[in-house]
Amino acid sequence: MQTNLLYYGDNLDILRRYLPDAAVDLVYLDPPFNSNRDDNVIFRDESGNATVAQLLAFEDTWHWGPSADGCHSAVMRPIGRSVVLPL
């Protein structure tokens with residue numbers, strides 16, 4: 001497994017593609033997240049002015065359920081730790 005690499009993309013997809021199971025020692029989550037806010041991409045016209053055209057970029061919500069728990073368990077080493085900073 002290569003080290004000192006920066007991956008761009010969905011974290012779960014990256015973990016599944018590039019890391020073997022039980023390879024993670026530490027998960028560090030640093031809010032703000034779960035703002036319950038939708039963020040949009042706002043398009044501009046040819047002159048650079050904003051238009052009413054928008055596209056949903058992402059929904060900032062965080063749900064921890066059985067699927068997340070299973071994925072977390074799969075990537076963590078038995079001695080691994082998870083840290084979530086308080087909001």
Side-chain angles (χ1 to χ4, degrees):
M1 182 171 65
Q2 287 184 288
T3 60
N4 297 319
L5 293 177
L6 177 62
Y7 295 96
Y8 176 80
D10 180 86
N11 60 356
L12 187 54
D13 181 50
I14 297 297
L15 288 169
R16 286 179 173 155
R17 273 195 206 183
Y18 299 104
L19 277 82
D21 287 353
V24 176
D25 288 318
L26 177 67
V27 172
Y28 176 85
L29 300 172
D30 187 7
F33 52 80
N34 198 27
S35 67
N36 290 318
R37 204 175 69 192
D38 293 343
D39 288 297
N40 297 318
V41 174
I42 299 176
F43 296 96
R44 299 186 180 280
D45 64 18
E46 299 84 23
S47 62
N49 296 319
T51 68
V52 294
Q54 298 183 45
L55 178 67
L56 179 65
F58 67 92
E59 297 173 3
D60 187 18
T61 57
W62 187 33
H63 305 281
W64 191 273
S67 176
D69 193 51
C71 294
H72 179 266
S73 297
V75 301
M76 294 299 293
R77 292 182 56 196
I79 61 168
R81 297 288 180 260
S82 294
V83 177
V84 179
L85 296 180
L87 291 174

Undergrad: Under a single-linkage definition using a 4.5 Å side-chain heavy-atom cutoff for Ile, Leu, Val, Met, Phe, Trp and Tyr, are L5 and Y18 assigned to the same hydrophobic cluster?
TA: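 They do share one cluster, since a chain of ILVMFWY contacts under 4.5 Å joins L5 to Y18.
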
Undergrad: Pick out which of L19, D13, I14 makes a side chain to side chain contact (heavy atoms under 4.5 Å, CB included) with R17.
TA: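 Of L19, D13, I14, side chain to side chain contact (heavy atoms under 4.5 Å, CB included) with R17 is met by D13 alone.
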
Undergrad: Return the set of residues passing salt bridge (charged side-chain N to carboxylate O under 4.0 Å, His left out) with R16 (not counting sequence neighbours), or none when no residue passes.
TA: none

Undergrad: Which pair of non-hydrogen atoms, one from R77 and one from D25, has the smallest distance, and what is that distance?
TA: NH1-OD1, 2.7 Å

